[in-house]
Amino acid sequence: MSELSERYLRAKRALFDRYYRSLNEQQRAAVYHINRPLLILAGAGSGKTTVLVRRIAYMIRYGNAYHSDYVPFDMDEAHVTSLESAVSAPITDEELGALLCEFSNNPCPPWRLLAITFTNKAAGEIKARLAAVFPEDPDLVGGIWAGTFHSICMRILRRYYAEAGLREGFTIYDTDDTKKAMQAVLKDLRIDDKVLPVKSAQSYISRAKDKLIDPDGFLLEFGNDFRMKQIAKVYEAYQQRLSDSNALDFDDIICRTVRLLETHQEILQSYQSQFRYVSVDEYQDTNIAQFRLTALLSGGWRNLMVVGDDDQSIYKFRGATIANILEFDRVFDDATVIRLEQNYRSTQSILDAANAVISHNEGRKGKTLWTNRGNGSKIHVLNPEHQNAEAREILDIIQKKVATEGLRYRDFAVLYRTNAQSNALEMAFARSAVPYRMLGGVRFSDRKEIRDLVAYLQLINNHDDRDRLLRIINEPRRGLGEKTLAALQEIAVMESCSVFAVMEHADQYLALSRSAKTLMEFAGLINELTLLLDEAPLDKFVNQVLDLSGYRQMIKNLGPEEADRLDNLDEFISNVVEYMKSTDSPTLTEFLEETALVADVDRYDDTADAVVMMTIHSAKGLEFPQVFLPGFEEGLFPGMQTVIAGPEEIEEERRLAYVAITRAKDELYILHTASRTIYGRTAANPASRFLDEIPEHLLSRPAIKQRMTNTYAGYSKDGGYRTARETAAADRITVGKAQAKPAAPREILAAGDRVKHMLFGEGEVLSVQKMGTDYLYEIAFDTKGTKKLMATYAKLQKI
DNA sequence: CACGCTCTGCCTGCG
DNA sequence: GCAGAGCGTG
């Protein structure tokens, strides 16, 4: 290669490096590496999404510009010199970005890009951030195939439903629908719930689908065991039931797509030639079916990139297999591995703690997070008496810090292992002035009234939908008993037609004579509404469904204390209106599909100034300046069942602890109680082994007995513990008293007093302000300036 | 057929 | 400690 060419290429790469200078070296390497398989091991807070987004933008704008050795044949000295001087020229990033376009090498059109995520939220974020990169072309992002595994697969299945063995207008069963279907299957097969609980049957089948095992394969693999043989039968009957209803469950969406691609070469090839670049986010959460899917779709160009963090794999119970990420570079033997270990989120103390904990795991790729942010403060370890004291302690610290350190409520998060822990927290916060937001609990779409309304709409959309029909046939009560419904289904099987079809002609069957009128009326109602669907706008139509079915009246009859159910129905209709605005040609089918695939409207509103509380699982991917981790106790975290289940489960639990710790940016509080009541049983558990795994020098434990300087309302007179409810009740009564007579641990200072502080030296009290049961002092220190300190926490000595 | 009572089991949860 | 499921009775 000529010297000129080398200078050209060097200048080109220097210009790119300048353009991406806000990224670190590893991040840049990941952006430039677009051909061949790539595994990015992205530690917590290492700028993973930034890399993902900038890499896609790079493909669209510049193709393989950086690594290409292409030199234009007419390259001359003058141009190379001008490029070299541009490297340090005072130009804006925008100008630089435009300049780089001359190096574009086979840029990729958006429709050839496939970006897969797990959640709608993640997909939305990627799309939004990409849209910001291309403000001049607002339609560009829409062209990218970016979405969740499920939405991508649905897109494929909708197009090739016949080849996939589905009938037109097939629908998606969600968790509740599948549960109902499974209950019915077990009943049909006369399998007692005690022998095989619904949950357990569902789990077996779901895990089988994750591994692409169909009922025959299941029987073949496990059939020599009686119980498994039984489950294979259940599996088969369950699939038959779904197929009768022309329905898929969430697992089917993935594995039916895989099966479609594996059995139809021409379809596979068309997608393989389309998708030049495939990216998969949160790869540590993928299961075998999803692995297979990505391998198939990227099989044409073999430009597959996966990002993930084996240390943050916390969904094994949901079928994820960590082997996908651990063995990526073995399965794709020409794969490159890039580690992103620089953390932009947390202090070094927090990272050291996280590194220390996770290093106890065996099965991992190995990463060590670091930061240049500095050590920060130590990790606070607190040991309250019980869960109510724990909640109070968290509350107190938040109040103090908001009062004295200029922090806002939204800077704080409380992350716990199980939702059952939320009770004590909610009790404490609900009666304080601290605003909080609690995630989890009953999702909007899980509300009974919403489920019922959706069932009506699904039935109208697809008359074959047996489980939705059975759900609402007696909502409101139509006086159809078990016997009638059983007869109805039996006839449907005999005539091999849908339950709905039997209902339409109920008067022709002797077994139905008594309820024929009601059945035909109901079928008539559904048919009438189906006709109405084409006449009225969607929102009006939904209103009509509620009115003509009598459902709204039924809810109204429940009385004023159930008024929020009516509100929920109204909110649903406003969702319908939202949807109508978002599309040119709204259809019921599309609306139902979107609602089925959108888990919940993100109730986590990060603009509200409120303390946020949620499980560690739901906090994955989020970050907060101040994090509290209550319940670091053996038996709770790690949970009793994981301890019994074995070392692999403990490792997963340890990864969860790692996720929890790495959510914190500035300060981390780990709490473990001396005793805790959970599921109605009180137990004294030792501190979590994960806490013991953090080196002592990173921890700050308050002086012994300091916590006793606060009096907790959670203590009852005889020294025993009260329940959360008792405590709440007691506090409501004693609030006034408690505030009038604060438990002042030390003598109360007054303005003008001279005091001595351990760290700040001597100073003079400027003002005293009462804060709940405590006092806030403003003190002018002689050498350290004016500080605001809380009486209970600041160790002040009057001099 | 509907309502009320007892009994059980219960971690985490995307789409 | 609580919710949902199942069972018995009016």
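Please read all numbers here as calculations on a predicted model, not as lab measurements. Order of the sequence lines fixes the chain letters, A, B, ..., with proteins taken first and strands second; residue numbering starts at 1 for each chain.
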Complement of dT6(B), any strand, by Watson-Crick or G-U distances under 3.5 angstrom: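 Looking at the geometry, dT6(B) pairs with dA5(C).
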
Return the nucleotide paired to dG13(B): Watson-Crick means purine N1 to pyrimidine N3 with N6-O4 or O6-N4, wobble means G-U with N1-O2 and O6-N3, both under 3.5 Å.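 Answer to the pairing question: none, since dG13(B) forms no Watson-Crick or G-U pair.
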
By side chain to side chain contact (heavy atoms under 4.5 Å, CB included), which residues pair with [X], not counting sequence neighbours?
| X | value |
| --- | --- |
| A42(A) | I40(A), S46(A), K48(A), V307(A), L340(A) |
| A683(A) | N685(A) |
| K179(A) | Q183(A), V198(A), Q202(A) |
| T418(A) | A420(A), Q421(A), L636(A), I678(A) |

Say whether S245(A) and Y173(A), considering side chains only, have a donor N or O and an acceptor N or O under 3.5 Å apart.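 Yes, a side-chain donor-acceptor pair sits under 3.5 Å.
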
Which pairs with one or both residues in residues 629-647 of chain A pass salt bridge (Lys or Arg N to Asp or Glu O under 4.0 Å), sequence neighbours excluded? E633(A)-R676(A), E634(A)-R689(A)

Please report, rounded to the nearest Å, how far the [atom2] atom of [N] is from the [atom1] atom of [X].
| X | N | atom1 | atom2 | result |
| --- | --- | --- | --- | --- |
| D251(A) | dG15(B) | CG | C1' | 10 Å |
| D176(A) | dG15(B) | CG | P | 17 Å |
| D281(A) | dC14(B) | CG | P | 16 Å |
| F118(A) | dG15(B) | CZ | P | 10 Å |

Name all residues meeting the ring pair (Phe, Tyr, Trp, His ring centres under 6.0 Å) criterion together with F632(A); count only those two or more places apart in sequence or in a different chain, and write none if there are none.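 Ring pair (Phe, Tyr, Trp, His ring centres under 6.0 Å) list for F632(A), sorted by chain: F637(A).
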
Can you sort out the partners of K127(A) under salt bridge (Lys or Arg N to Asp or Glu O under 4.0 Å), two or more places apart, ordered by chain and number? none

Please name all residues satisfying salt bridge (Lys or Arg N to Asp or Glu O under 4.0 Å) with E693(A), sequence neighbours left out, ordered by chain then number. R654(A)

Passing candidate, side-chain contact (heavy atoms from CB on, under 4.5 Å) with T171(A), options N462(A), D177(A), T589(A):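 Of the listed residues N462(A), D177(A), T589(A), the side-chain contact (heavy atoms from CB on, under 4.5 Å) partner of T171(A) is N462(A).
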
Name the pairs: protein N/O against N/O of nucleotides 4-6 of chain C, kept only if under 3.5 Å.
unit_1: dA5(C); atom_1: OP1; unit_2: K179(A); atom_2: NZ; d: 3.0

Just to confirm, is there a sub-4.0 Å distance from OP1 or OP2 of dG15(B) to any side-chain nitrogen or oxygen of N120(A)? yes

Along nucleotides 7-13 of chain B, 5' to 3', which nucleotides get a B, which get an S, and which get a -, given that the test is a protein heavy-atom distance under 4.0 Å? ---BBBB

Tabulate atom names and distances for all N/O pairs under 3.5 angstrom spanning the protein and nucleotides 1-3 of chain B.
unit_1: dC1(B); atom_1: OP1; unit_2: G479(A); atom_2: O; d: 3.4
unit_1: dC1(B); atom_1: OP1; unit_2: G481(A); atom_2: N; d: 2.2
unit_1: dC1(B); atom_1: OP2; unit_2: E482(A); atom_2: N; d: 3.3

Would you tabulate the side-chain donor-acceptor contacts of residues 148-158 of chain A under 3.5 Å, counting partners in other chains and residues two or more places apart, or write 'none'?
unit_1: T148(A); atom_1: OG1; unit_2: H150(A); atom_2: N; d: 3.4
unit_1: T148(A); atom_1: OG1; unit_2: S151(A); atom_2: N; d: 3.0
unit_1: T148(A); atom_1: OG1; unit_2: S151(A); atom_2: OG; d: 3.3
unit_1: H150(A); atom_1: NE2; unit_2: F250(A); atom_2: O; d: 3.3
unit_1: S151(A); atom_1: OG; unit_2: T148(A); atom_2: N; d: 3.0
unit_1: S151(A); atom_1: OG; unit_2: T148(A); atom_2: O; d: 3.2
unit_1: R158(A); atom_1: NE; unit_2: E593(A); atom_2: OE1; d: 2.6
unit_1: R158(A); atom_1: NH1; unit_2: F170(A); atom_2: O; d: 3.4
unit_1: R158(A); atom_1: NH2; unit_2: F170(A); atom_2: O; d: 3.0
unit_1: R158(A); atom_1: NH2; unit_2: E593(A); atom_2: OE1; d: 2.5

